[in-house]
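Side-chain atoms are counted along with the backbone in the values below, which use heavy atoms only and exclude waters and symmetry mates.
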Amino acid sequence: MAKKKEELDPETLALINWCIEVEGFLVKGGATQEEAQEHIEEQVEWFTDQFYDGLTPEEAAKEALA
């Protein structure tokens with residue numbers, strides 16, 4: 001039997017899209033795409049806090065690169 005596709009709630013989807021934008025800014029800041037993805041995965045709690053604190057993806061990337 002095929003698995004029912006799990007739907008994400010709007011808040012989770014917004015966080016994922018925000019992280020994708022952060023990844024782009026990390027790459028613009030000099031990281032490879034793989035490095036950016038790994039960093040976000042390793043620091044997911046920190047990035048989640050930044051999302052809920054209202055930082056833009058660009059601001060969060062700048063903080064991460066500092």
Within-4.5 Å side-chain heavy-atom neighbours: Val44 and Ile40: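 Result no, sub-4.5 Å side-chain heavy-atom pair not found.
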Heavy-atom side-chain contact between Thr32 and Val27 under 4.5 Å: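 Of all side-chain heavy-atom pairs linking Val27 with Thr32, none is under 4.5 Å.
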Nearest 0.5 angstrom please: [X] [atom1] to [Y] [atom2], how far?
X: Cys19; Y: Glu41; atom1: SG; atom2: CD; answer: 10.0 Å
X: Asp53; Y: Glu63; atom1: CG; atom2: CD; answer: 10.5 Å
X: Phe47; Y: Gln50; atom1: CZ; atom2: CD; answer: 8.0 Å

Residue pair Val22 / Ala61: nearest heavy atoms and the distance that separates them: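 Heavy atoms of Val22 and Ala61 come nearest at O-CB, 4.1 Å.
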Smallest separation among heavy atoms of Ala31 and Ala36, with atom names: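 Looking at all heavy atoms of both residues, the shortest contact is CB-N, 4.3 Å.
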For Phe25, all residues meeting ring-ring contact (aromatic ring centres under 6.0 Å, His included), sequence neighbours excluded: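 By the ring-ring contact (aromatic ring centres under 6.0 Å, His included) rule, Phe25 matches no residue at all.
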Step-by-step side-chain hydrogen bond (donor to acceptor under 3.5 Å, both in side chains) determination, Glu23 to Gln33: CA-CA 7 Å; Glu23 178 185 321; Gln33 187 171 8; 3.0 Å; yes
Single-linkage hydrophobic cluster Leu8~Trp18, side-chain heavy atoms < 4.5 angstrom: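 No, Leu8 and Trp18 fall in different hydrophobic clusters.
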Same apolar cluster (I L V M F W Y, side chains within < 4.5 Å links), Phe51/Leu13: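 No: no chain of side-chain contacts under 4.5 Å links Phe51 to Leu13.
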Qualifying residue for side-chain contact (heavy atoms from CB on, under 4.5 Å) with Tyr52, from Asp49, Thr48, Leu55: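 Single pass found, and it is Thr48.
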His39 backbone acceptor or donor facing Glu42 side chain under 3.5 Å: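 Judged by distance alone, no pair lies under 3.5 Å.
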